[in-house]
2 protein chains.
Amino acid sequence: MEEKIEKIKQQLHSHNYKLTPQREATVRVLLENEQDHLSAEDVYLLVKEKSPEIGLATVYRTLELLSELKIIHKMNFGDGVARYDLRDDNSDRHHHHLVCMNCGTVDEIFENLLVGVEERVHNVYNFSILDHRLTFYGICHRCIDKVNIDDFK
Amino acid sequence: MEEKIEKIKQQLHSHNYKLTPQREATVRVLLENEQDHLSAEDVYLLVKEKSPEIGLATVYRTLELLSELKIIHKMNFGDGVARYDLRDDNSDRHHHHLVCMNCGTVDEIFENLLVGVEERVHNVYNFSILDHRLTFYGICHRCIDKVNIDDFK
DNA sequence: GTGCTTGCAAAGCATTTGCATCCTG
DNA sequence: CAGGATGCAAATGCTTTGCAAGCAC
């Protein structure tokens, strides 16, 4: 935890930004909720619990900044809000999402599912890949016995 | 073209909706721009050329309706606007996107890149897949010689 | 003090909704 | 003429921005 904060501090410093108390509080919330996919509002409410004086705009600016520095990932599952995820350098390229169309839960899976696929895209389409997103939409294991899957087709 | 319109008309009728002139104009724009990924605003402006009296709200309502009936695909590339695509039943599951981080162009590729992957996700995570999105972000063949790729990393 | 940060409020956009009107059957 | 469909304008919801004040080096 502390060493992760320290690392992010370095990353900010290397781009001439400071780890202000507000930014640190925001980063801590992200670290404490690494499995989740928090929206800016979610982060704001959690940060407010510890630091009630923080403004929503500051949270947005911090998330935008961390996103630009590629410390976090900004993503979109089609529900109208941006969601944020800490980036773990190692698992990053092998990190995909399972979005449940019944309960809305977003699970993460860590598997190198695209072995060979990226190379193929590069060779066939002359497209230089820098990042990718792979998201599966369906019904999660918690809901599968409770719903009629045909209702979602 | 005409038979595609006719088919969509049937799909609407089967759900007790009509193919009104406004809806037809909207569908025609989508058919005429099948390669593109138009935003609602784009569609609105194109429809307006032929039918200047149409309202933006009607375009939104039509796109929403077509999306619910799964006649079109609503998607999101992270630029803050929803984009729409006609669904071709056959190529649908093998239809992916290449988003250029320099010029913003979205190219489509049609390849069954995920052979085996879906089965694996289903078996390992007990997740019943109904749809997926695979998007690659990078630099397209038109831009690769004009930019320094490290600037995007 | 100079420049980055912040909080607040106002503005910005994309999208949705209320409502009176208009068709269509 | 009854119900769906439309156009307009207003409202909404997420996000960004302007600006004056605060803070740090």
Side-chain angles (χ1 to χ4, degrees), chain A residues 8-29 37-69 71-84 104, chain B residues 8-9 11-29 37-69 71-85 104:
Chain A
I8 291 168
K9 189 173 179 178
Q10 301 307 329
Q11 290 175 274
L12 284 169
H13 285 176
S14 73
H15 292 270
N16 281 85
Y17 296 109
K18 301 172 205 164
L19 185 64
T20 63
Q22 290 90 334
R23 287 177 182 164
E24 182 170 336
T26 303
V27 168
R28 282 187 188 277
V29 163
H37 302 80
L38 303 177
S39 67
E41 186 83 27
D42 295 336
V43 174
Y44 171 62
L45 292 174
L46 289 167
V47 173
K48 228 175 157 49
E49 288 177 10
K50 303 269 178 64
S51 317
E53 71 293 349
I54 201 169
L56 179 56
T58 301
V59 172
Y60 271 103
R61 282 188 280 236
T62 300
L63 292 172
E64 183 59 29
L65 175 62
L66 294 173
S67 184
E68 266 172 33
L69 298 185
I71 295 169
I72 62 175
H73 245 221
K74 182 177 185 175
M75 63 200 103
N76 214 303
F77 295 116
D79 60 350
V81 290
R83 297 183 177 279
Y84 301 85
Chain B
I8 290 169
K9 189 173 179 176
Q11 290 175 274
L12 284 169
H13 285 175
S14 74
H15 292 270
N16 283 84
Y17 295 110
K18 302 171 204 166
L19 184 63
T20 62
Q22 290 91 334
R23 286 177 183 165
E24 181 170 337
T26 303
V27 168
R28 281 186 189 278
V29 162
H37 302 81
L38 303 177
S39 67
E41 186 82 28
D42 294 337
V43 174
Y44 172 63
L45 293 174
L46 289 167
V47 173
K48 229 175 157 50
E49 288 177 9
K50 303 269 177 65
S51 316
E53 71 294 349
I54 201 170
L56 179 57
T58 301
V59 172
Y60 270 103
R61 281 189 280 235
T62 299
L63 292 172
E64 183 58 28
L65 176 62
L66 294 173
S67 184
E68 266 171 35
L69 298 185
I71 295 169
I72 63 177
H73 243 238
K74 183 176 184 175
M75 63 200 103
N76 215 302
F77 296 116
D79 59 351
V81 291
R83 297 183 176 279
Y84 300 86
D85 231 356

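Note on naming: letters A, B, ... go to the chains in the order of the sequence lines (proteins, then strands), and numbering restarts at 1 for each one.
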K.L.:
How many Å lie between CG on A/D79 and P on D/dG13, as a whole number?
P.N.:
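To the nearest whole Å, that distance equals 15 Å.
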
K.L.:
Base, backbone or nothing for each nucleotide of nucleotides 7-15 of chain C, written B, S, -, heavy atoms under 4.0 angstrom, 5' to 3'?
P.N.:
BB-----SB

K.L.:
Which residues satisfy the ring-ring contact (aromatic ring centres under 6.0 Å, His included) test with B/Y60, sequence neighbours excluded?
P.N.:
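B/Y60: no ring-ring contact (aromatic ring centres under 6.0 Å, His included) contacts found.
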
K.L.:
Find the distance A/L65:CG to D/dT15:P and express it as a whole number of Å.
P.N.:
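Taking CG of A/L65 and P of D/dT15, I get 17 Å after rounding.
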
K.L.:
Between P on D/dA5 and CG on B/L66, what's the gap in Å once rounded to a whole number?
P.N.:
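Distance, rounded to whole Å: 12 Å.
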
K.L.:
Check this for me: B/Y17, atom OH, are more than 12 non-hydrogen atoms of other residues, nucleotides or ligands nearer than 6.0 Å?
P.N.:
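Open: at most 12 neighbouring heavy atoms sit under 6.0 Å from OH of B/Y17.
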
K.L.:
Evaluate the side-chain proximity of A/T62 to A/T20: yes if any heavy-atom separation is below 4.5 Å, no if none is.
P.N.:
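A side-chain contact under 4.5 Å is absent here.
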
K.L.:
Taking atom NZ of B/K48 as the centre, does the number of heavy atoms from other residues, nucleotides or ligands within less than 6.0 Å exceed 12?
P.N.:
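Atom NZ in B/K48 is packed in, count exceeds 12.
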
K.L.:
Grab the CG-P distance between B/N76 and D/dC14 for me, whole Å please.
P.N.:
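Roughly 15 Å, once rounded to whole Å.
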
K.L.:
Between atom NZ in A/K18 and atom P in D/dC23, what is the gap in whole Å?
P.N.:
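Taking atom P of D/dC23 as the reference, NZ of A/K18 is at 12 Å.
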
K.L.:
For A/E64 and D/dT16, give me the distance from atom CD to atom C1', rounded to whole Å.
P.N.:
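Those two atoms, CD and C1', are 9 Å apart.
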
K.L.:
Taking atom C1' of D/dC14 as reference, at what distance in whole Å does atom CG of A/L45 sit?
P.N.:
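Taking CG of A/L45 and C1' of D/dC14, I get 14 Å after rounding.
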
K.L.:
OP1 or OP2 of C/dC4 sitting under 4.0 Å from any side-chain N/O of A/T20?
P.N.:
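No.
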
K.L.:
Are A/E41 and A/V59 side-chain neighbours, meaning at least one heavy-atom pair lies under 4.5 Å?
P.N.:
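Side-chain contact under 4.5 Å: no.
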
K.L.:
Determine the sole option in B/T58, B/V47, B/V27 for which the side chain to side chain contact (heavy atoms under 4.5 Å, CB included) test with B/Q22 is passed.
P.N.:
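Considering B/T58, B/V47, B/V27, a side chain to side chain contact (heavy atoms under 4.5 Å, CB included) with B/Q22 is found only for B/T58.
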
K.L.:
Provide, to the nearest angstrom, the distance between the CG atom belonging to A/L19 and the C1' atom belonging to D/dC25.
P.N.:
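Taking atom C1' of D/dC25 as the reference, CG of A/L19 is at 16 Å.
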
